[in-house]
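Since the model is a prediction, treat every value here as computed from it, not as a measurement. All chains are named by letter (A, B, ...) in the order of the sequence lines, taking the proteins before the strands, and each is independently numbered beginning at 1.
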Amino acid sequence: MTESDSLTAAPTNFILSRIRAEVEAGRYDRVVTRFPPEPNGYLHIGHAKSIVLNFSVAGAFGGYTNLRFDDTNPAREEQRFIDSIKEDVRWLGYTWENERYASDYFEALYGFALHLIDNGWAYVDSQDADTIRAQRGTLTEPGVNSPDRDRPAAENRDLFERMRAGEFPDGAYVLRAKIDMAAPNINLRDPVLYRIRRQYHHRTGDDWLIYPTYDFAHGQSDAIEHITHSLCTMEFEDHRPLYDWLIEHLPVPSRPVQIEFAKLNIDFTVLSKRRLTRLVSEGHVAGWDDPRMPTLAGLRRRGFTPASIRNFCNEIGVTKSEGIIPYGVLERQLRDDLNARAPRRMAVLHPLRVVLTNFPENETEWFEAANHPQDPGMGTRHVPMTREIFIEQDDFREEAPRKFFRLKPGGEGRLRNAFIIRCDEVLKNDAGEVIELRCILDPDSRTGGPNADRKVKGTLHWVSAEHSIPAEVRLYDRLFNVPHPAGDRERDFIEHLNPESLQILDGARLEPELATATAGDFFQFERLGYFVPDLNTRPEGLVFNRAVTLRDTWAKLEKELAGV
RNA sequence: UGGGCCGUCGCCAAGCGGUAAGGCACCGGGUUUUGAUCCCGGCAUUCGCAGGUUCGAAUCCUGCCGGCCCAGCCA
């Protein structure tokens, strides 16, 4: 594995080992998979699991992966989603072999439908949707045959050709497979294969007025592309008999097999396209790429790296049992990746003015600071120190609790990369709030000085009041305040939205080095977390997003102390 | 109550008849000018439950229990 990454070195799982056995038995000389999104929304972290799986499976056996858009329903698909999906897959680090569309195969699929009709395995039904539904039976009762079920093949062919020709309105007819209305598996009760949709398609335009259903399009598309293993989520397990039935009854060029795995769930978020679409369309978030969204676009904007997401997918594994992964697991992967690679900087989110009483006025002293404490190769930069600086409000307590070892009246603290100071005086406003500290510095404690190694418990980050630059900083918290917002049967998941998921700070001060940061950069603001410039940051209006905090043992301790 | 699937530590997850991997979390301890990182150590006599088969079962059989999915002309 390179760096903290694993593009292809996925840990094993039941799919990988099954295919390995097949390959070793000589059943395949190469493995071809496909990632088949429907272009009706943005990709989310759940899709990432599928992408990583598909690409790593094919890659492990010298094969490749196609990107295939499952665009069989023109009513809800759009070009902009195709664009975003391609961008996201590329960003994740994967390169597909072929870019394909189910709509590329409409003509071939139509031919397959004719084949079924001619062999008496499909028929045109003239009943409306409600009637068909009523005849399908229930979970416990068998369905009943359609009166059109025994329509002669020639008549079926004629009707189907006229469906294509546009002679009928939407819903007038459907093509159905003739399987078994009494099958315990409802998907086998004469499933609909084609429906009339007089609708413009984003790729085929007005060429088609009938469109195949997922069940009819998917497996056959797999076969046409010589996909060897069609990996999908568990809810399609019931469709596998139909998938196989169609492959067996059609003159397809290859015989792919479908394997199902459990989809991803993460706590405190939702991962279904339907719900994500609602968050966007109802305006609960700023868009598909809102940094609070679990979409790849949102995670990217938030500051997540492709490697962190890939590593996450590999860490959680692939099985058939559905579980809920704590959001913290994803966050830790980001920390792991960025800890190794992010340059360190100092930034103060909630500034508290500190005057260093024995530091000369109008002077600037530059301190050299390592860009990474464990990686000297990342170099150093210089940070300016002046008589007036800002420290974090949280780093001073007038009434310090037990075990609080930052600054307090009369106490000492070390200014990171600089020297040790002692708090001599606390200035307050009329409201009694602390507005300024007067501190004296120990000149011998300068980095490299004779007293530099003096033991002082707390180390504080700081910026020069004069040299620091202002910035807006956006802090994010979980989008929902319950572990499983989609699992509530009484209340709509929207009701569980966390009203404090976004906090905007407009008074942050950054060390001057950060002035030139642009989208795509990433930093660790020491003692605070990992931050990235937002997509819309500008030199004259810096905006940073907090991707994730650092592990904060003190926050945890303090909570425990307060609780007991 | 029909069909399909799942149930191994708080969360993931190996294991596939020979006597419970690993990761995360958590709890100790060490290093540290980030209460970060890093390092060391601890952490299931037990595999949803109950029977059975076997010298031997998480692994095989039977029966229960719990959870998820399916009745779109969505995917």
task: Give one of base, sugar-phosphate or nothing for A/Pro142, where a contact means two heavy atoms less than 4.0 Å apart.
output: nothing
query: What are the bounds, 5' to 3', of the part of RNA chain B that sits under 4.0 Å from heavy atoms of chain A?
result: B/G2 to B/A75
- prompt: Using a cut-off of 4.0 Å on non-hydrogen atoms, how would the nucleic acid contact of A/Arg551 be classed: base, sugar-phosphate, or nothing?
  reply: sugar-phosphate
- line: Scanning all shown strands, the Watson-Crick or wobble mate of B/G2 with both distances under 3.5 Å is B/C70
- prompt: Under a 3.5 Å cut-off for both distances, is B/G56 Watson-Crick or wobble paired, and to whom?
  reply: none
query: When A/Phe261 is tested against each of A/Thr319, A/Asn13, A/Thr233 for side chain to side chain contact (heavy atoms under 4.5 Å, CB included), which residue passes?
result: A/Thr233
- prompt: How would you label the contact of A/Tyr173 with the nucleic acid (heavy atoms, under 4.0 Å): base, sugar-phosphate, or nothing?
  reply: nothing
- request: Just grab all the salt bridge (charged side-chain N to carboxylate O under 4.0 Å, His left out) pairs involving residues 159-173 of chain A, residues at least two apart or on different chains.
  value: A/Glu107-A/Arg164, A/Arg157-A/Glu161, A/Asp158-A/Arg162, A/Arg162-A/Glu167
task: Select base, sugar-phosphate, or nothing to describe what A/Asp453 touches, counting heavy atoms under 4.0 Å on all strands.
output: nothing
message: The criterion is ring-ring contact (aromatic ring centres under 6.0 Å, His included); which residues satisfy it with A/Tyr110, sequence neighbours excluded?
response: A/Phe160, A/Trp208
task: Please state the P separation for the pair B/C39 and B/A25 - nearest whole angstrom.
output: 13 Å
query: Base, sugar-phosphate, or nothing: which does A/His218 touch, judged by heavy atoms less than 4.0 Å apart?
result: nothing
message: If I pick the C1' atom on B/G4 and the same atom on B/U8, what distance separates them, to the nearest angstrom?
response: 23 Å
message: For the aromatic rings, using the six-membered ring if either is Trp, is the centroid distance between A/Phe268 and A/Tyr327 under 6.0 Å?
response: no
- request: Under 4.0 Å between any heavy atoms, over every strand shown, what does A/Phe216 touch: base, sugar-phosphate, or nothing? Just pick one.
  value: nothing
- prompt: So what does A/Ile324 touch, heavy atoms closer than 4.0 Å: a base, only the sugar-phosphate, or nothing?
  reply: sugar-phosphate
- prompt: Given that A/Lys263 and A/Pro212 both sit by RNA chain B, which one's nearest nucleotide is further toward the 5' end?
  reply: A/Lys263
message: On RNA chain B, does the nearest nucleotide to A/Pro37 precede the nearest nucleotide to A/Phe404 from the 5' side, or the other way round? Give the residue.
response: A/Phe404
message: Need one value for A/Arg406: base, sugar-phosphate or nothing, where a base atom within 4.0 Å counts as base even if backbone is also close, heavy atoms only.
response: base
- line: Sequence neighbours excluded, the answer for ring-ring contact (aromatic ring centres under 6.0 Å, His included) partners of A/His239 is A/Phe236
message: Regarding A/Glu141, tell me which of base, sugar-phosphate or nothing describes its non-hydrogen contacts under 4.0 Å with the strands shown.
response: nothing
B/C70 and B/G56, which share atom name P, separated by this distance in whole Å: 44 Å
query: Can you name the ring-ring contact (aromatic ring centres under 6.0 Å, His included) partners of A/Tyr211, sequence neighbours left out?
result: A/Phe106, A/His201
query: Between B/U19 and B/G51, how far is it from one P atom to the other, in whole Å?
result: 25 Å
query: If you look at every strand shown and take non-hydrogen atoms under 4.0 Å, does A/Thr72 touch a base, only sugar-phosphate, or nothing?
result: sugar-phosphate
Gap in Å between the two C1' atoms, one belonging to B/A21 and one to B/U46, rounded: 15 Å
Salt bridge (charged side-chain N to carboxylate O under 4.0 Å, His left out): pairs with one or both residues in residues 181-204 of chain A, sequence neighbours excluded: A/Arg149-A/Asp190
field: Separation between the P atoms of B/C43 and B/C6, rounded to whole Å
entry: 32 Å
task: Would you mind classifying the nucleic acid contact of A/Arg240 as base, sugar-phosphate or nothing, using non-hydrogen atoms under 4.0 angstrom?
output: nothing
- prompt: Name the one of A/Lys457, A/Lys455, A/Arg454, A/Arg422 that satisfies side-chain hydrogen bond (donor to acceptor under 3.5 Å, both in side chains) with A/Glu412?
  reply: A/Arg454
- prompt: Using atom P of each nucleotide, how far apart are B/G52 and B/C47 to the nearest Å?
  reply: 16 Å
message: With syn defined as a glycosidic angle within 90° of 0 and anti as the rest, where does B/G72 land?
response: syn
message: Run the ring pair (Phe, Tyr, Trp, His ring centres under 6.0 Å) test on A/Phe531 and A/Phe523 for me, step by step, so that the C-alpha distance in whole Å, both residues' side-chain angles and the decisive distance to 0.1 Å come before the verdict.
response: CA-CA 5 Å; A/Phe531 293 74; A/Phe523 303 96; 9.7 Å; no
query: B/A25 pairs with which nucleotide, Watson-Crick or G-U wobble, both distances below 3.5 Å?
result: none
field: Watson-Crick or G-U wobble partner of B/G63, both distances under 3.5 Å
entry: B/C49
- prompt: Contact class for A/Leu550 (heavy atom, under 4.0 Å): base, sugar-phosphate, or nothing?
  reply: base
query: Just checking A/Arg344: base, sugar-phosphate only, or nothing, at a heavy-atom cut-off of under 4.0 Å?
result: base
Touch class at under 4.0 angstrom, heavy-atom based, for A/Glu558 against every strand present: nothing
message: For the P atoms, the ones on B/C49 and on B/A58, what distance do you get once it is rounded to whole angstrom?
response: 11 Å
